[in-house]
There are 2 protein chains.
Amino acid sequence: MAGKRSRRRIPEASVARLPVYLRILSEQFDEGVNSISSEELAEFAGLNAAKVRKDLSYLGSYGTRGVGYEVEFLIYQVRRELGLTQDWPVVIVGAGNLGQALAGYGGFGDRGFPVGGMIDVAESKVGSVVGGVRVRHLDELAQVVQSRNISIGVIATPGTAAQEAADALVAAGVTSLLNFAPTVISVPHGISMRKVDLAVELQILSYYEQRRASTEQSNGLQAVPAERRRGASA
Amino acid sequence: MAGKRSRRRIPEASVARLPVYLRILSEQFDEGVNSISSEELAEFAGLNAAKVRKDLSYLGSYGTRGVGYEVEFLIYQVRRELGLTQDWPVVIVGAGNLGQALAGYGGFGDRGFPVGGMIDVAESKVGSVVGGVRVRHLDELAQVVQSRNISIGVIATPGTAAQEAADALVAAGVTSLLNFAPTVISVPHGISMRKVDLAVELQILSYYEQRRASTEQSNGLQAVPAERRRGASA
DNA sequence: CGGGCTTTGTGAAAACGTGCACGAGCGCCG
DNA sequence: CGGCGCTCGTGCACGTTTTCACAAAGCCCG
Ligand SMILES: NC(=O)c1ccc[n+]([C@@H]2O[C@H](COP(=O)([O-])OP(=O)(O)OC[C@H]3O[C@@H](n4cnc5c(N)ncnc54)[C@H](O)[C@@H]3O)[C@@H](O)[C@H]2O)c1
Ligand SMILES: NC(=O)c1ccc[n+]([C@@H]2O[C@H](COP(=O)([O-])OP(=O)(O)OC[C@H]3O[C@@H](n4cnc5c(N)ncnc54)[C@H](O)[C@@H]3O)[C@@H](O)[C@H]2O)c1
């Protein structure tokens, strides 16, 4: 039997690497590369080849032994697995500095995540247009979510309002959240949640910085070996 | 002998949680809470108590059995371990939308990471003042880094310039990087690197969204159980 | 058409992180 | 001042992720 296909669950660590492969593959494709080996892909991604192969094997057996992977086909498969064959409009809650930057940021809609709505509570924000989208009041959230069939919400409010925003989003029917506020938010079981926390990242760096200062020992982290850098030249 | 103290290496996963504990502890302290149990801390952090205790045990034995942890003292210990007893000025490379948002963002300097410099290459940006800091040309990077003794660099350039920015930062003497560009960058061994990638986060959410659509099975992720939410009321 | 070279796909082992369970230590109360 | 109840600290078992290593499989060349 050739391939049982993809309804096996993919480990989260692997899922988190698929977008990286996808980006690399897309770049390579644009440069006219048709075929790529796990070794090359690993090199670009800063990983080792075995990990790349194992990750890709969760998608199915799409490589050719002795040759590698066909770039275009692999792109298709990764996109399919990640659910990128459809658009996922997002709603941004909090139209402050960050919310506006995000809304104005092209690389958002470009990649299949158009801004389907912006929400705020401040009089001064509601009604204004940011990144081509009219800011609506929190009261209208459910209506916005339902009319555009939005399932991903981005929280860009101050930390104190983040839980409230999350609750409102979930109540409105959103099932995935991306939280930029520096606050732990709790969500019902079954809702996906990821966070991006600047302060946490900096503090982690600080830890290793300090450590470097005391022991002259370097260590793990996401440090990528420098060896053989490849510039992507056209 | 009481406690061999902290020169044992702390697992990265634990390091990444310490900033979260720190934030919670600081909030609790501000509200007048003097003592906290691993159970309570776990509740606030959305984790389980055993993990909290294990994480804290890497710092030393600072709890009191039958009682819990003294908040103020624990704050001090976590800060010490994370290297937050000193400021870590950062230099931001790329003064575009994101770079400006970051520079203007208070919660940066507030937490011990003042913006010590901003760098760009565009004529239109160099010389302007953003968030109280004058934007300098890339050529002046080394001088900025050395004069202010900066060891952390933030990359906020377009993806195509990210590797170049990283190389320049490392050459200038920076030893920790936080990369916002959607590109894998490679750094020499011994340099710490963390990345924040919006597209990756959204694509991970997309994966689970899609999966939810096919199987009516929910799963892992960072999903936090909703149970007993605590609002931090003064 | 067969042998050699290359690279995949994957079991199995190792490393790592998490969660459980419980002994040890401390404070409090009677 | 002794016993009780609470919570820490941690050994251990479990689950997950990474790494290793190699057989299987395809391609190319002679
Ligand atoms: N600006 C940055 O560079 C940056 C970087 C990292 C993290 N953050 C975090 O992102 C969040 C937003 O930052 P910011 O700089 O945009 O802040 P901001 O104050 O500029 O914007 C916050 C916006 O949220 C709105 N708001 C408040 N309560 C709300 C609610 N209940 N529902 C909907 N909207 C509400 C406010 O009206 C305001 O427009 C903060 O939590 C901040 O810590 C910001
Ligand atoms: N804007 C957002 O909300 C957002 C969100 C997530 C990620 N990002 C990423 O952050 C990065 C910056 O985004 P942006 O919106 O600020 O882009 P931008 O185009 O507004 O700014 C980029 C800046 O970098 C400068 N630059 C270019 N090459 C440089 C070099 N070699 N050295 C120094 N500076 C250089 C440019 O002059 C420009 O000022 C991008 O990689 C983007 O993908 C942006």
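Keep in mind the model is a prediction, meaning the values are calculated, not measured.
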In whole angstrom, what separates [X]'s [atom1] from [N]'s [atom2]?
X       : N      : atom1 : atom2 : value
B:Leu56 : C:dG19 : CG    : P     : 15 Å
A:Lys51 : C:dG9  : NZ    : P     : 18 Å
B:Leu41 : D:dT7  : CG    : P     : 14 Å
A:Arg53 : C:dA12 : CZ    : C1'   : 15 Å
A:Ile36 : C:dT8  : CD1   : C1'   : 14 Å
B:Leu59 : D:dT10 : CG    : P     : 12 Å
B:Lys54 : D:dA13 : NZ    : P     : 13 Å

Using a cut-off of 4.0 Å on non-hydrogen atoms, how would the nucleic acid contact of A:Ser38 be classed: base, sugar-phosphate, or nothing? sugar-phosphate
DNA chain D: A:Asp55 or A:Val67, which has the more 5' nearest nucleotide? A:Asp55
Determine whether the side chains of B:Tyr207 and B:Arg211 contain a donor N or O and an acceptor N or O closer than 3.5 Å. yes
Any side-chain donor-acceptor pair under 3.5 Å between A:Arg212 and B:Ser192? yes
Should the heavy atoms of other residues, nucleotides or ligands under 6.0 Å from CD of A:Glu70 be counted, would the total exceed 12? yes
